[in-house]
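Within every chain, numbering begins at 1; the chains are lettered A, B, ... in the order of the sequence lines, protein sequences first and strands thereafter.
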2 protein chains.
Amino acid sequence: MKSSTRKTEATLPVLRKISASAVMRALVSGATLDATGLMEATGLSRPTVLTVCDELLKLGWVSEIETSSRLAARSGRPSRRFTLNAAAGYVLGIDLGATKLQICLADLAGTIVSEHSERWRDEHVGAPERLMVARRAAWEVLAQAGVEPSKVMAAGMAVPAPVRPNGHAVALESYLPGLAALDLRLALLPDFDWPLIVDNDANLAVIAERWLGIAQDVDDVVVLLSGERLGAGIYLGGQLIRGGGAAGEMRFLELVEGVGNTDAIGGMCRELGAIAAAEILDGERPGHANDSELLQQCGGIPASMEAEMVINAARKGDPAAREVLEVVTERTARVIAVVATFLDPQMIVLSGGPAGAGDVLIPSLNKELDGLNSAHPHLAASTLTDHAPLLGAVRVALNHAFASLLV
Amino acid sequence: MKSSTRKTEATLPVLRKISASAVMRALVSGATLDATGLMEATGLSRPTVLTVCDELLKLGWVSEIETSSRLAARSGRPSRRFTLNAAAGYVLGIDLGATKLQICLADLAGTIVSEHSERWRDEHVGAPERLMVARRAAWEVLAQAGVEPSKVMAAGMAVPAPVRPNGHAVALESYLPGLAALDLRLALLPDFDWPLIVDNDANLAVIAERWLGIAQDVDDVVVLLSGERLGAGIYLGGQLIRGGGAAGEMRFLELVEGVGNTDAIGGMCRELGAIAAAEILDGERPGHANDSELLQQCGGIPASMEAEMVINAARKGDPAAREVLEVVTERTARVIAVVATFLDPQMIVLSGGPAGAGDVLIPSLNKELDGLNSAHPHLAASTLTDHAPLLGAVRVALNHAFASLLV
DNA sequence: AGGAAATATATAAAAGGCGTTAATAAACGC
DNA sequence: GCGTTTATTAACGCCTTTTATATATTTCCT
């Protein structure tokens with residue numbers, strides 16, 4: 001509660017740390033820079049830049065590009081060129097999803113060097129079983145990339161549940177039996193003897209969108225992650241909003257008119273299929289031919305109707321499909337209206353299932369939103385497919401790895 | 001949108017600034033410290049502390065307490081004792097409220113040295129008229145305290161409307177005709193030639209609660225400021241959440257079941273009286289004597305019923321009053337439930353009208369909240385009466401004044 | 001082709017600042 | 001006068017900057 005009264009660190013080596021940090025910051029993006037470039041990027045003088053680089057070189061964080069083949073042959077003495085030594089360390093990203101496990105190994109540049117994905121099988125009923133699978137998979141991606149376990153500097157993990165501020169334990173009941181009872185840090189030992197950062201999947205999704213996705217450099221953005229459940233990742237004022245760990249939980253939607261329950265929102269895409277099927281089975285309504293595009297899409301078997309089919313039919317302009325879509329978008333728009341008006345973000349990103357249908361959904365949502373007395377931020381669909389929480393996990397693990405270097 | 005790539009500031013004087021900042025930080029609370037105390041507070045060595053103090057002394061930010069009368073007479077050479085020079089500068093706090101103007105002058109220690117309050121009169125119909133009153137009042141509080149205008153370092157102003165990120169203009173339509181069309185910074189020139197920080201009243205209220213109120217050192221807190229309208233001041237992760245300036249606007253409540261419109265919430269207290277009057281006029285309902293406590297409170301004239309009377313009757317256990325209260329608290333609880341569940345703050349503070357009835361309202365709200373599927377943070381009533389936005393304005397002005405000194 | 005001039009970079013040297021520790025001086029109570 | 005606490009001074013080490021010098025490469029001239 002009390003903000004820690006940190007001691008002043010006004011001793012001289014701090015300056016060196018600031019300088020080193022500035023240099024690292026210029027290099028973490030993956031760029032290759034010479035001393036002149038680093039001087040411009042950091043504002044430091046040449047002697048300082050070079051001594052810092054020599055130190056970082058010795059520590060292994062930075063590597064020097066051999067200058068044998070000169071690309072840009074300018075006159076003058078050739079410059080030493082520096083780049084982040086991506087192989088100096090690695091991080092693990094893990095998405096303990098509702099339906100499947102995703103895991104990857106990334107180097108310090110954030111490049112994914114190996115990955116693995118598998119759907120949960122029937123015997124993976126509880127948290128302990130699934131963590132077992134995750135442990136095995138971790139060793140597998142390491143072996144696959146030929147990376148020594150000692151080179152792993154941190155691991156990040158996404159879970160579809162609120163996470164306590166300590167970053168090791170799940171705060172509330174979740175989709176997965178036994179998960180809330182575990183301290184994940186302890187549960188993964190001794191296999192994971194590296195630092196583990198656990199966070200909510202929606203929180204990590206918004207971090208990923210800001211890192212590699214549609215919300216780069218946007219400081220006020222909310223990601224609505226729609227899967228088995230609906231979660232919001234709230235990033236405001238340039239930082240992730242966690243509250244007591246459960247910020248962004250959407251249970252409050254039970255109180256919002258015309259939305260229905262939370263599950264219905266979460267299963268937005270599943271619901272699309274169900275409603276469309278019901279529409280058809282309801283019989284021939286005036287103006288809607290029974291052999292509509294919808295029927296074609298599902299091969300004439302309404303029960304097999306999937307969300308994607310409805311979206312496809314809507315894309316082709318089928319009126320029945322559009323009508324079904326409207327039922328669902330009207331609901332979603334109200335959710336967005338609440339979030340947008342209360343938090344006033346610059347952008348709201350749709351992630352998870354609905355993101356793939358952004359071309360159809362977003363114009364529709366924009367229209368609905370105009371009809372409500374609501375703030376109207378920029379609506380965008382995620383382009384990270386189902387990798388957002390995984391990439392967010394990589395990012396927080398990287399942040400942890402760099403934390404000792406960056407001021 | 002793009003976070004500015006700030007140049008590295010790794011030059012030597014930065015160390016001095018860090019040290020000076022640490023010393024100032026130890027003194028801004030108003031404490032009087034000797035070198036030993038400052039060494040403990042900052043972690044710096046004695047020579048550094050003393051040189052920094054000499055500099056601050058010369059700049060006028062710090063004053064030295066004469067050591068003539070020794071309070072704690074210990075052996076050894078007496079220590080020089082330093083304190084913030086509160087009279088080095090002053091700030092203005094202004095609350096351009098819906099019903100009245102409040103203005104005060106505070107010194108650098110945050111002590112209010114003069115203040116003035118006046119209700120708007122009929123001729124003060126629009127923003128220009130009210131700003132004129134504020135200008136006059138500013139000169140008045142200055143004269144009252146005998147402070148030179150040149151000693152004013154900044155002014156903070158609370159307005160009951162969302163404010164643009166630039167801090168000078170109101171973002172949305174507001175209670176006050178013409179306010180949204182003005183750039184307040186320009187509108188107050190040439191009288192105000194000092195820096196002006198304008199912000200939403202609820203935002204400033206939460207800052208005040210963290211500074212002097214019930215939420216000191218709480219890093220995740222929401223203030224619900226209820227007056228003519230309802231606004232939320234959202235402070236999460238140790239910082240104020242502004243979004244695009246309109247975060248905390250409660251228009252979204254129109255979408256929440258069982259709440260009614262925003263005005264009804266805002267006028268929570270006014271409404272209490274109205275409902276109670278209607279209850280009585282409705283006639284004798286079984287179990288409720290017509291000559292109840294309620295009637296006594298209003299002197300037998302239901303039309304004159306005020307919120308305070310209902311609260312008083314409820315305090316005495318009057319069942320009819322309690323019933324009326326329940327209607328209103330049920331509504332308010334839903335608002336709190338939405339905010340609490342979505343943002344998961346540690347604490348929610350009731351400010352404005354309802355705060356005075358906290359002893360009655362809060363137990364009632366806690367009970368209602370338990371009945372909803374909601375997060376349940378600590379509920380507290382503000383103790384700052386109607387001064388919260390004003391004190392918040394003082395605080396942000398002080399922050400601005402200190403900004404050049406503190407890292 | 002060979003060599004000098006031009007150019008850009010690397011390295012070395014000197015200067016100025018800062019905080020720390022250690023030593024010295026000052027002020028007070030007993 | 002002695003012990004104690006604090007203030008002040010001195011010496012040291014460290015960091016970045018500027019200035020000057022050395023180095024490596026290309027370009028241009030003969």
Q: Heavy atoms within less than 4.0 Å of DNA chain C: which residues of residues 28-36 of chain A have one? Give them sorted by number.
A: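 Contacts with DNA chain C under 4.0 Å: A/Ala35, A/Thr36.
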
Q: Send over the distance from B/Leu38 CG to D/dA7 P, rounded to a whole Å.
A: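 Answer to the nearest Å: 10 Å.
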
Q: Which residues pass the side chain to side chain donor-acceptor pair (under 3.5 Å) test with B/Tyr235, sequence neighbours left out?
A: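 Here the qualifying residues are B/Arg210.
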
Q: Taking the nucleotide of DNA chain D with the closest heavy atom to each, which residue, A/Gly76 or A/Ser45, is nearer the 5' end?
A: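 Result: A/Ser45.
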
Q: Calculate the interatomic distance between B/Met39 atom CE and D/dT8 atom P; express it in whole Å.
A: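 B/Met39 atom CE is separated from D/dT8 atom P by 14 Å.
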
Q: Which pair of non-hydrogen atoms, one from A/Leu105 and one from A/Leu92, has the smallest distance, and what is that distance?
A: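 Closest approach of A/Leu105 to A/Leu92: CD1-CD2, 3.9 Å.
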
Q: How close do A/Ile197 and A/Ala154 get, counting heavy atoms only, and between which atoms?
A: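 The answer is CD1-CB, 4.4 Å.
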
Q: Expressed in angstrom and rounded to an integer, what is the separation of B/Leu44 atom CG from D/dT6 atom P?
A: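 Going from CG in B/Leu44 over to P in D/dT6 covers 17 Å.
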
Q: Rounding to a whole Å, what distance do you find between A/Arg77:CZ and C/dT9:P?
A: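 Atom-to-atom, A/Arg77 to C/dT9, this comes out as 11 Å.
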
Q: Polar pairs (N or O, both sides) under 3.5 Å between protein and nucleotides 12-17 of chain C?
A:
none

Q: Distance check: side-chain N/O of B/Ser19 vs OP1/OP2 of C/dG19, anything under 4.0 Å?
A: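 The answer is yes; a side-chain N or O of B/Ser19 sits under 4.0 Å from OP1 or OP2.
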
Q: Given D/dT17, is OP1 or OP2 found less than 4.0 Å from the side-chain N or O atoms of A/Thr48?
A: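 The answer is yes; a side-chain N or O of A/Thr48 sits under 4.0 Å from OP1 or OP2.
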
Q: Would you mind reading off the distance between B/Glu64 atom CD and D/dT6 atom P, rounded to a whole angstrom?
A: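 One finds 15 Å between P of D/dT6 and CD of B/Glu64, rounded.
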
Q: Do you know which two heavy atoms are closest between B/Ala208 and B/Ala388, and how far apart they sit?
A: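 Taking B/Ala208 first and B/Ala388 second, the nearest heavy atoms are CB-O, 3.1 Å.
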
Q: Could you check whether any side-chain heavy atom of B/Arg80 comes within less than 4.5 Å of a side-chain heavy atom of B/Asp34, counting everything from C-beta outward?
A: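 Counting from C-beta outward, B/Arg80 and B/Asp34 never come under 4.5 Å.
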
Q: Rounding to a whole Å, what distance do you find between B/Arg16:CZ and C/dT20:C1'?
A: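 Between C1' of C/dT20 and CZ of B/Arg16: 13 Å.
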
Q: Please give, in whole Å, the distance from C/dG19 P to A/Lys17 NZ?
A: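 In whole Å, C/dG19 P and A/Lys17 NZ are 19 Å from each other.
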
Q: Taking all non-hydrogen atoms of both residues into account, name the closest pair between A/Leu405 and A/Lys17 and its distance.
A: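 For A/Leu405 versus A/Lys17, the nearest heavy atoms are O-CE, 4.3 Å.
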
Q: Of all the nucleotides listed (C/dT11, D/dA7, D/dT16), which has the minimum atom distance to the side chain of A/Arg80?
A: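 Nearest nucleotide to the side chain: C/dT11.
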
Q: Quick one: B/Leu50 CG to D/dT8 C1', roughly how many Å, whole number?
A: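 Taking CG of B/Leu50 and C1' of D/dT8, I get 9 Å after rounding.
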
Q: Does a side-chain N or O from A/Arg46 land closer than 4.0 Å to OP1 or OP2 of C/dA10, or not?
A: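 Result: yes.
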
Q: Return yes if some donor-acceptor pair links the side-chain N/O of B/Lys151 with the main-chain N/O of B/Ala87 below 3.5 Å, else return no.
A: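 Checking the backbone N and O of B/Ala87 against the side chain of B/Lys151, a donor-acceptor pair under 3.5 Å is found.
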
Q: Between B/Asp107 and B/Tyr90, is there a donor-acceptor pair closer than 3.5 Å when you use the side chain of the first and the backbone of the second?
A: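 Here the side-chain-to-backbone pair does not exist.
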
